[in-house]
Amino acid sequence: MRILLVEDEAKIASFIERGLKEEHYVVDLAYDGEKGLFLAEVNTYDLIIVDIILPKKDGISLCREMRSKKIDTPILMLTAKDKVGDKVLGLDSGADDYLTKPFAFEEFLARIKALLRRRRSDKGTTLKIADLELDQLTHRVKRQEKEIALTSKEYALLEYLMLHANQVVTRTMISEHVWNEDFDSFTNVIDVYVNYLRNKIDKNFKKQLIHTIRGTGYILKE
Ligand code: CA
């Protein structure tokens with residue numbers, strides 16, 4: 001899951017970014033509204049978190065512009081104010097939910113998960129293919145009931161492959177959802193991580209689930 005965070009206060013931004021990374025999310029950070037809009041237009045995000053008071057372009061205008069540009073990614077708005085007027089304005093501008101600063105990280109995380117879940121409708125939190133299971137809530141991965149420990153990046157990659165099971169995913173799709181802006185497309189980092197993942201989920205099992213589509217990418221299937 002790739003998240004865009006638009007927040008100008010460096011301390012809050014790094015607190016949120018660190019917390020999200022620990023939860024296996026991939027995070028891009030923008031310190032002003034214009035950069036936020038730019039990133040939202042060029043990348044595909046699963047969720048966008050927007051502070052209301054931002055330099056260059058405020059959060060309300062940013063939300064409106066994203067919606068008018070048909071970016072329909074869920075938006076969580078953050079603000080220091082808790083006036084009812086601001087909430088209404090935020091939701092009117094196209095935000096899906098609203099959180100007042102300061103907030104406990106646990107609550108913030110619960111809101112994010114709720115928004116991501118709403119997006120996936122009622123599919124539940126466990127992804128399954130063959131005897132491989134991934135719980136999106138607890139981030140636990142099991143194959144044949146045996147727990148498999150994955151790093152953040154491996155988890156993010158497997159989750160993406162599982163969300164698109166039985167479909168060919170290209171390296172570009174993977175880079176857009178599993179890596180952030182720092183991704184260097186001239187490296188073979190995706191193939192390296194796919195190999196790490198193969199070693200953990202496929203190597204000691206009879207049936208291979210990750211298949212290479214030569215010249216294109218990968219497919220996860222039985
Ligand atoms: Ca701010």
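Quantities reported herein were computed from a predicted structural model and do not represent experimental measurements. Both ligands and their constituent atoms are indexed starting at 1 by order of listing.
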How many degrees, to 10°, between Asp51 OD2 and Asp8 OD1 as seen from the Ca ion (ligand 1)?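 About 100°, to the nearest ten degrees.
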Suppose we only count N/O/S atoms under 3.0 Å; would Glu7 qualify as near the Ca ion (ligand 1)?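 It does not; every qualifying atom lies at 3.0 Å or beyond.
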If I take every N, O or S atom of Ile53, is at least one of them less than 3.0 Å from the Ca ion (ligand 1)?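 A backbone or side-chain N, O or S atom of Ile53 is under 3.0 Å from the Ca ion (ligand 1).
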Determine yes or no for a side-chain-to-main-chain donor-acceptor pair under 3.5 angstrom, with Arg198 supplying the side chain and Ile210 the backbone.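 Checked: pair present.
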Give me each pair satisfying side chain to side chain donor-acceptor pair (under 3.5 Å) with a member in residues 11-20, each pair once, sequence neighbours excluded.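 Found Glu17-Lys21.
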Taking ring-ring contact (aromatic ring centres under 6.0 Å, His included) as the definition, give me every residue that meets it alongside Tyr193, ordered by chain and number, with sequence neighbours left out.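 Only Trp179, Tyr196 meet the ring-ring contact (aromatic ring centres under 6.0 Å, His included) criterion with Tyr193.
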Taking the basic N atoms (NZ, or NE/NH1/NH2) and the acidic carboxylate oxygens, is any pair closer than 4.0 Å for Asp51 and Lys101?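 Answer for the salt bridge query: yes.
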